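Only one structure is covered here, and it is reproduced in the block below.
Everything quoted here is computed from the prediction, not taken from an experiment. To find a chain, count down the sequence lines: A is the first, B the second, and so on, and within it residues start at 1.
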There are 2 protein chains.
Amino acid sequence: MAQRTQRTRKSRTDALSRERIVEAAVELLDADGEGGLTFRALTERLATGPGAIYWHVRNKDEMLGAATDAVVAAALDIEPAEPPASPQDEIRAVALGLFDAIDWHPWLATQLATQLSRSPWSSVTPRIIESIGQQVRALGVPKGSWFTASSALMHYILGAAGQNSANGRVLGAGVDRSEFLDSVSTAWEKLDPDDYPFTRAVADQLREHDDREQFLAGIALILTGITTAYPPA
Amino acid sequence: MAQRTQRTRKSRTDALSRERIVEAAVELLDADGEGGLTFRALTERLATGPGAIYWHVRNKDEMLGAATDAVVAAALDIEPAEPPASPQDEIRAVALGLFDAIDWHPWLATQLATQLSRSPWSSVTPRIIESIGQQVRALGVPKGSWFTASSALMHYILGAAGQNSANGRVLGAGVDRSEFLDSVSTAWEKLDPDDYPFTRAVADQLREHDDREQFLAGIALILTGITTAYPPA
DNA sequence: ACCTGAACACCGTTCAAGT
DNA sequence: ACCTGAACACCGTTCAAGT
């Protein structure tokens with residue numbers, strides 16, 4: 001009697017699944033960066049062997065792809081504002097959603113680049129294009145330019161967010177943000193005046209800039225470009 | 001007599017150097033992608049052992065950084081137009097220089113993302129900021145917005161070029177470009193109409209788009225934004 | 001100062017075997 | 001159908017030893 005809890009098979013809730021694997025992968029990536037995701041660490045955390053994981057997932061690349069897709073999907077799952085905001089505001093919300101996701105999951109920046117360069121237009125791209133595109137349409141951009149306008153926004157967002165994820169990563173090691181920017185800025189000021197006059201001149205703008213504000217200023221520039229090039233009827 | 005060519009030491013021109021190592025690294029990356037650059041392959045090509053390489057280079061990361069920097073520097077080494085072109089044209093030239101570099105060296109896209117996210121504002125960033133910034137200044141942008149405007153351009157360029165390097169990579173395997181785009185486009189058209197109305201609607205714009213043209217259209221949009229937000233005096 | 005090459009710890013992936 | 005875990009080939013890096 002009693003002690004029936006002992007089971008040869010894993011209990012139902014412990015059962016391995018693609019979903020649980022991807023979840024664990026994201027946790028490892030968040031905790032220890034790209035280097036932290038190994039099959040060794042993963043099998044330990046999931047209390048299985050590598051063979052079990054390979055039953056649910058083709059290989060590590062696919063696993064990374066699924067992790068990226070999951071995080072991006074969550075980031076873009078924004079409830080529409082009530083009352084409805086302007087297209088500009090909605091675009092800002094989408095952009096900030098991705099910006100923050102990369103800020104929270106610094107490995108996402110590199111992964112998106114790898115991801116997009118392996119299977120360019122699949123999985124993650126439609127999600128982003130859709131979120132941005134619906135607002136581009138609402139902005140009154142003529143249909144023939146939908147693809148151009150939304151691609152431009154997407155590229156800027158991915159480029160900028162990728163660069164900015166850096167700060168978060170560097171700061172991880174107990175480095176003060178303003179201290180860090182100050183050191184880079186000082187380095188810029190020491191560049192060769194003949195080769196780098198402009199960089200030297202903006203060194204103090206780098207020192208004082210705010211990531212988020214700067215990111216939104218870029219979005220604003222592109223939105224201005226879009227509404228100027230395609231004036232609403 | 002004769003046969004003095006035999007030497008214990010490497011001949012002077014064969015001598016290992018950081019420069020030769022980086023050069024070989026770039027060749028391996030170009031030939032076989034990121035996976036192609038291993039210390040095994042490198043030692044074979046340079047006819048040495050791993051220890052020799054470690055004498056000139058701290059580790060693989062530093063080597064990748066140096067390779068990236070070298071390729072970017074070469075890409076930005078554009079001779080100024082004669083007679084001088086408009087700032088817009090110069091910006092287009094810089095942008096296309098990077099675009100083409102990533103097209104030629106597809107590994108550059110991922111590497112730039114990794115690179116920038118490890119040491120955000122160092123090495124490669126000043127080169128890009130400088131090339132773009134000088135033209136931003138010539139455009140009449142007020143000094144206080146130099147950093148904002150050039151950052152926005154840089155982020156777009158890196159984001160867009162990264163995405164586009166994909167095509168080149170996929171096509172490597174004997175895949176026809178239009179055939180490939182057609183398949184992706186068809187996949188987009190099959191997405192859920194409720195979740196992806198916009199993506200479905202632009203599927204045929206994806207099918208027919210020209211990478212370079214699209215890239216320049218994005219640049220044009222940002223330039224319009226810049227000149228509208230900061231009208232020349 | 002510069003190079004050699006064996007050795008080390010670790011990685012992704014496979015596969016015969018179990019249930 | 002799903003999981004186990006030993007084994008394999010390969011990787012970046014180190015280091016005592018040579019010249």
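When ring centroids are compared, A:Tyr156 and A:Phe215 come within the 6.0 Å threshold.
Base-pairing analysis of DNA chain D finds the following stems of at least three consecutive Watson-Crick or G-U pairs, with both pairing distances under 3.5 Å: C:4-8 with D:12-16, C:12-16 with D:4-8.
For B:Tyr196 (side chain) and B:Ala201 (main-chain N/O), no donor-acceptor pair under 3.5 Å exists by modelled atom type.
Whole-Å rounding puts the B:His56 NE2 to C:dT4 C1' distance at 13 Å. Atom P of nucleotide C:dC3 and atom CG of B:Leu16 are separated by 5 Å, given to the nearest angstrom. Regarding B:Trp55, its CH2 atom lies at a distance of 14 Å from the C1' atom of D:dA16, rounded to whole Å.
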Pull out every protein N or O sitting under 3.5 Å from an N or O of nucleotides 9-12 of chain C, one pair per line with the distance.
{"from": "C:dC11", "atom 1": "N4", "to": "A:Arg40", "atom 2": "NH2", "distance (Å)": "3.2"}
{"from": "C:dG12", "atom 1": "OP1", "to": "A:Lys60", "atom 2": "NZ", "distance (Å)": "2.5"}
{"from": "C:dG12", "atom 1": "OP2", "to": "A:Phe39", "atom 2": "N", "distance (Å)": "2.9"}
{"from": "C:dG12", "atom 1": "N7", "to": "A:Arg40", "atom 2": "NH1", "distance (Å)": "2.6"}
{"from": "C:dG12", "atom 1": "O6", "to": "A:Arg40", "atom 2": "NH1", "distance (Å)": "3.4"}
{"from": "C:dG12", "atom 1": "O6", "to": "A:Arg40", "atom 2": "NH2", "distance (Å)": "3.1"}

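Other residues, nucleotides and ligands contribute over 12 non-hydrogen atoms within 6.0 Å of the CD atom of A:Glu62.
Residues from residues 62-71 of chain A lying near DNA chain D, meaning a heavy-atom separation below 4.0 Å, are absent.
Within the 4.5 Å cutoff, side-chain heavy atoms of B:Val202 are placed close to those of B:Trp188. Between A:Ile219 and A:Leu96 the shortest side-chain heavy-atom distance does not fall below 4.5 Å.
Ranked by how close their nearest DNA chain D nucleotide is to the 5' end, A:Ser17 and B:Ala52 are led by A:Ser17.
A donor atom on one side chain and an acceptor atom on the other are found under 3.5 Å apart for A:Glu34 and A:Thr110.
For the side chain to side chain contact (heavy atoms under 4.5 Å, CB included) criterion with B:Leu42, the lone passing option out of B:Ile53, B:Val57, B:Thr48 is B:Ile53.
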